[in-house]
Amino acid sequence: MILKDKILTTSNSAKIQAGQKQELDVAFYLRRAFKDHPQVFVFNDLKFKHNDETAQIDHLIVYTYGFILIESKSITGEVTINEHQEWSRSYRGNWQGMPSPIKQVELQLAVLKSLLRANAPLLLPKIFGKLQQGFGGREWQSVCAISSNAIINRDHTPKATQERLVKSEFIADKLLQMMKLPASAPNALHFLSTNVRPWFNEESLGKICQFILEKNISLNLQEPSYVSAKISESESFYDEALIATKQTITEQVKPKSDLIKEITLACKQCNSATNLLPLSGRYGYFVKCGNCSANTPMKSPCPECSSTNTKTSKRKENYSLVCKDCEISTPIKL
């Protein structure tokens, strides 16, 4: 299930535009593989603060047994990792060192782990109503997704590092291999299975996912300066080879003045747009009319592209209609 999409930003930087294209590519493969998966929850483009640090996560997978962080890396040319796990990249025969995306995502994982552990009493139940559960024994993993057109030189790369490198188009296969999910979610009879990994029940997964969404820092929020877990990289290495991606990305992030600002719901029976009570049921979110008691689904065709491949999303007390085809989110006015 996709719980958060990538938020595009307008920039003249070839580096940022190339990075956004790579993140969009990975998000595309994640959507194709997991949009309807009941045990996998996907977050794209997260940013949160904890203990005076800010972590930026390209992609986060929350699943029945733990967490996987994905660092998307846009690379044109060849990349090599030596036996000391030092990274270098080439373009037109010129080699230059670069920060390790593996170390980068490990820093982000550490911040996320610290944040969740600090809030375990809010997210996890107590055993027999007395002993507070923690995140010990849960799976904490990370992987780096590299551009499909990059050449990875693995000759001297340590095996442990090789296993955490994957081209974008293989990211879904890699994740399934890492997660080792059973055919169905574990239940109270799970102890009879040979799979003895600690697992999150449905309620805990829901609380964790909601907590992550609430902690995410929106682009429109003013924030103080914090030490970031994101390692910077030289801008100069991104030249005309990456500028070729500008036109595509620029079109995607171009402001659309004609976008519908919000959806105004009305009762399907009496057409009243007031006195509507938002509720959730077996078939999703709906509103109950206080005038005639009729129920009206919040889900509707996308107002931008008319696609029926939509879903209703809730964050705190705010609702929105998310189109899975054009990926536009439209607020719902109640």
Side-chain angles (χ1 to χ4, degrees), residues 1-9 17-46 56-76 101 105 108 139 141-150 152 163-185 202 205-206 208-209 212-213 216 245 248-249 251-253 284 299-302 304-315 320-330:
M1 187 177 299
I2 311 299
L3 296 186
K4 186 181 182 303
D5 290 312
K6 164 71 179 172
I7 298 178
L8 296 174
T9 57
Q17 293 191 15
Q20 286 198 132
K21 181 180 184 303
Q22 169 63 7
E23 290 183 39
L24 287 172
D25 287 346
V26 174
F28 169 79
Y29 291 115
L30 294 178
R31 177 177 292 278
R32 279 289 180 91
F34 302 118
K35 67 177 181 180
D36 297 318
H37 202 298
Q39 298 184 61
V40 181
F41 302 89
V42 180
F43 301 81
N44 298 292
D45 192 18
L46 286 174
Q56 290 181 259
I57 300 175
D58 292 339
H59 316 276
L60 170 64
I61 307 297
V62 179
Y63 64 106
T64 308
Y65 300 100
F67 310 85
I68 301 177
L69 279 68
I70 305 170
E71 176 70 18
S72 288
K73 204 65 184 176
S74 173
I75 295 178
T76 297
V105 75
Q108 299 158 1
E139 297 176 358
Q141 305 183 78
S142 59
V143 64
C144 178
I146 296 179
S147 308
S148 298
N149 62 345
I152 305 176
E163 293 176 351
R164 298 168 67 185
L165 298 179
V166 63
K167 292 287 192 75
S168 300
E169 65 269 31
F170 299 110
I171 187 63
D173 295 333
K174 182 65 176 179
L175 293 175
L176 289 172
Q177 177 188 349
M178 296 169 70
M179 292 186 288
K180 299 181 178 65
L181 293 171
S184 59
E202 184 176 352
L205 275 175
I208 291 169
C209 291
I212 291 172
L213 286 173
N216 178 60
T245 63
T248 302
I249 300 298
E251 288 299 316
Q252 291 175 334
V253 301
K299 188 179 185 298
S300 63
C302 175
E304 295 300 328
C305 69
S306 301
S307 170
T308 57
N309 189 19
T310 60
K311 67 175 182 179
T312 304
S313 174
K314 179 184 179 184
R315 184 175 180 185
S320 60
L321 184 74
V322 180
C323 178
K324 298 181 181 180
D325 290 334
C326 70
E327 298 189 344
I328 290 178
S329 179
T330 308

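Minimum interatomic distance between E23 and H59 (heavy atoms only, all atoms of both residues): O-CE1, 3.3 Å. K167 approaches S148 most closely through the heavy-atom pair NZ-O, 3.2 Å. For the pair Y63 and Q141, the tightest heavy-atom approach, listed with the atom from each and the gap, is OH-NE2, 3.0 Å. Closest non-hydrogen pair, V322 versus S329, comes out as CG2-OG, 3.8 Å.
Separation of atoms CZ (F28) and OG (S168) is listed at 11.5 Å; rounding is to 0.5 Å. Note that the CG atom of L176 and the CE atom of M178 stand 11.0 Å from one another [nearest 0.5 Å]. Atom CZ in F34 sits 12.5 Å away from atom CZ in F41 (nearest 0.5 Å). Atom CG of residue N216 and atom CD1 of residue I7 lie 6.5 Å apart, to the nearest 0.5 angstrom. With rounding to the nearest 0.5 angstrom, the CG atom of L30 is 11.0 Å from the CG atom of D25. Between the NZ atom of K299 and the OG1 atom of T312 there is a distance of 7.5 Å, given to the nearest 0.5 Å.
Between R31 and V42, the closest side-chain pair of non-hydrogen atoms is not below 4.5 Å. No side-chain heavy atom of V166 sits under 4.5 Å from any side-chain heavy atom of I146. Looking only at side-chain heavy atoms (C-beta outward), E71 and S142 stay at 4.5 Å or farther from each other. For the pair V26/L24, no side-chain contact is recorded, criterion being any heavy-atom separation below 4.5 Å from C-beta on. Taking the side chain as every heavy atom from C-beta outward, I70 and V105 never approach each other to under 4.5 Å. Side-chain contact between I57 and F43 is absent, with no heavy atoms from C-beta onward closer than 4.5 Å.
With hydrogens and angles left out, the side-chain atoms of Q22 and S72 include no donor and acceptor closer than 3.5 Å. Using modelled atom types and a 3.5 Å distance limit, the side chains of Y65 and Q39 yield no donor-acceptor pair.
With hydrogens and angles disregarded, no donor-acceptor distance shorter than 3.5 Å links the side chain of N44 to the backbone of A27. In terms of modelled atom types and a separation under 3.5 Å, the side chain of Q108 and the main chain of D58 share no donor-acceptor contact. K4 places a side-chain N or O within donor-acceptor distance of the main-chain N or O of D45, the cut-off being under 3.5 Å. The main-chain N or O of I2 is found under 3.5 Å from a side-chain atom of K311 such that the two form a donor-acceptor pair. Put simply, the side chain of S147 gets close to the backbone of I75: a donor and an acceptor are under 3.5 Å apart. At least one donor-acceptor pair closer than 3.5 Å links the side chain of R315 to the backbone N or O of L213. A donor-acceptor pair under 3.5 Å is absent between the side-chain atoms of T308 and the main chain of S300, judged by distance alone.
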Evaluate the criterion side chain to side chain contact (heavy atoms under 4.5 Å, CB included) for residue pair M1 and D36; output intermediate values, then yes/no.
CA-CA 5 Å; M1 187 177 299; D36 297 318; over 6 Å; no
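Crowding of E169 atom CD: a count of heavy atoms from other residues, nucleotides or ligands under 6.0 Å exceeding 12.
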